[in-house]
Amino acid sequence: MTLAIFFGCTFIAFGPVFSLFLFTIARDPLRIIILIAGAFFWLVSLLLSSLIWFITVKASDPRDEPLQKGLLIFGVMFSVLLQEVFRFLYYKLLRKAIEGLVALSEDGCSPISIQQMAYAVAGVGFGLMSGTFSMINLLADALGPGTTGIHGDSQLYFLTSAFMTMVLIFLHTFWGILFFHGCEHQRWWEITAVVIMHLAVSGSTFCNPLYMGSLVPSYLLMATAATWAYLLSGGSAQNLRRFLLCLWSGASPQLES
């Protein structure tokens with residue numbers, strides 16, 4: 001049973017992002033390098049936020065439960081803000097990198113666009129590393145020994161954690177597109193929207209063990225962010241309709257001149 005829970009939760013949490021990696025990133029060495037570098041930036045933000053939280057907890061009274069809960073909320077919110085700061089810093093670094101690639105190229109064009117970097121770096125890279133740190137300890141516990149919910153706790157703990165990890169990975173992917181678009185076109189309200197959505201999703205996890213209180217809002221925000229990112233990337237309802245009609249008829253989508 002524990003082995004089934006382990007593989008089931010692993011495939012739920014990381015199956016979609018692994019497919020995205022195989023079909024859109026794995027064949028391009030430059031995208032792989034950029035993704036790994038983006039994941040490293042997320043790790044640095046986690047290290048700094050963990051250090052700040054550790055210092056504040058050690059400096060406080062561990063017997064004061066309301067204070068400890070407040071510090072936990074502070075740590076989560078601070079971590080979210082720090083992640084977005086590092087997303088912005090990485091955007092600035094990538095802009096410099098694009099200028100260097102253009103200067104070195106023979107045709108004066110960059111081999112990768114800022115939109116692709118938003119997807120491959122601040123999106124999948126941030127989400128993959130975030131999901132890994134969210135689930136690694138839970139997956140280790142899922143291997144047993146033990147039975148989930150044997151003492152009256154929810155038997156859906158591992159399953160809901162896997163679905164929450166999956167939605168966070170997708171959200172980071174869409175947030176990367178929205179954030180980079182806002183930085184590129186100086187639309188600061190788009191950046192603000194990303195930060196607010198990130199804070200809302202992270203804050204909703206405090207509703208646990210009322211799992212519907214965190215999963216439902218997170219998936220609604222994911223649908224909103226996905227639609228928004230699709231439109232910003234040049235998508236439209238007409239293009240989506242044509243794609244679905246092509247899938248239904250079994251024909252290959254054709255681009256119009």
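Note that the numbering runs from 1 along the sequence shown for the chain.
Contact of the F11 side chain with the F18 side chain is not registered, since no non-hydrogen atoms from C-beta on lie closer than 4.5 Å. For the pair T224/L220, no side-chain contact is recorded, criterion being any heavy-atom separation below 4.5 Å from C-beta on.
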- Message: Show, in sequence, the C-alpha distance, side-chain angles and deciding distance for Y157 and L138, and conclude whether the side chain to side chain contact (heavy atoms under 4.5 Å, CB included) test is met.
- Response: CA-CA 10 Å; Y157 175 66; L138 293 178; 3.2 Å; yes
- Message: Between L139 and F14, does the side chain to side chain contact (heavy atoms under 4.5 Å, CB included) criterion hold? Intermediate values first, please.
- Response: CA-CA 12 Å; L139 291 176; F14 299 106; 4.1 Å; yes
- Verify side chain to side chain contact (heavy atoms under 4.5 Å, CB included) between F158 and D141, making sure each step is shown before the conclusion. CA-CA 9 Å; F158 289 104; D141 291 337; 4.3 Å; yes
- Task: Apply side chain to side chain contact (heavy atoms under 4.5 Å, CB included) to the pair F88 and E84, showing each step before the final yes or no.
- Result: CA-CA 6 Å; F88 177 74; E84 298 306 327; over 6 Å; no
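Distance check, rounded to the nearest 0.5 Å: CG of L46 to CG of L82 gives 9.5 Å. Separating the CG atom in L215 from the OG atom in S161 is a distance of 8.5 Å, to the nearest 0.5 Å. Remark: N137 CG to T132 OG1 distance equals 11.5 Å, nearest 0.5 Å. Between M164 atom CE and L159 atom CG the span is 13.5 Å, to the nearest 0.5 Å. If you take CZ on F23 and CD1 on I25, they are separated by 12.5 Å, rounding to the nearest 0.5 Å. Atom OH in Y230 sits 12.0 Å away from atom CG in L232 (nearest 0.5 Å).
Within 6.0 Å of CZ in F206 there are more than 12 heavy atoms belonging to other residues, nucleotides or ligands. Counting heavy-atom neighbours within 6.0 Å of I136 CD1, excluding the residue itself, gives a total of 12 or less.
Side chain of R87 to main chain of F179: no donor-acceptor pair is present (N/O by atom type, distance under 3.5 Å, no hydrogens or angles). Judged by distance alone, the side chain of Q68 and the main-chain N or O of D61 form a donor-acceptor pair under 3.5 Å. With hydrogens and angles ignored, the 3.5 Å screen pairs a side-chain donor or acceptor of S19 with a backbone N or O of G15.
Of the residues listed (Y91, F126, Y90), the one engaging F41 in a ring-ring contact (aromatic ring centres under 6.0 Å, His included) is Y90, and it is the only one. When each of L43, L35, I36 is tested with M129 by the rule side-chain contact (heavy atoms from CB on, under 4.5 Å), just one qualifies, namely L43.
Grouping the Ile, Leu, Val, Met, Phe, Trp and Tyr side chains by contacts below 4.5 angstrom, directly or via other members, places F174 apart from V195. Hydrophobic clustering places F163 together with L171 (ILVMFWY residues linked when any side-chain heavy atoms are closer than 4.5 Å, directly or through intermediates). Linking ILVMFWY side-chain heavy atoms closer than 4.5 Å, directly or via other members, places L51 and F86 in two distinct hydrophobic clusters. There is a path of hydrophobic side-chain contacts, each under 4.5 Å, that joins F180 to W188.
Partners of S79 by side-chain contact (heavy atoms from CB on, under 4.5 Å), not counting sequence neighbours, listed by chain and number: S49, Q83. With sequence neighbours left out, the side chain to side chain donor-acceptor pair (under 3.5 Å) criterion links T10 to no other residue.
Between F78 and F74, the gap from one ring centroid to the other is short of 6.0 Å.
In terms of heavy atoms, G127 sits closest to I169 at O-CG1, 3.2 Å. Across every non-hydrogen atom of S204 and S218, the tightest pair is OG-OG, 3.7 Å. Taking all atoms of both residues into account, the shortest heavy-atom contact from A200 to L221 is CB-CD1, 4.2 Å. The heavy-atom pair separating I191 from C183 by the smallest distance is CD1-SG, 3.5 Å. Of all non-hydrogen atoms in V80 and S202, the two that sit nearest each other are CG2-OG, 3.3 Å. Taking each heavy atom of V57 and L71 in turn, the nearest pair found is CA-CD1, 4.2 Å.
In this structure, W175 and H172 have perpendicular ring planes: the angle between them is above 60°, well past the 30° mark.
Judged as a salt bridge (Lys or Arg N to Asp or Glu O under 4.0 Å), the pairs with a partner in residues 188-214 (not counting sequence neighbours) are, in order, R187-E190.
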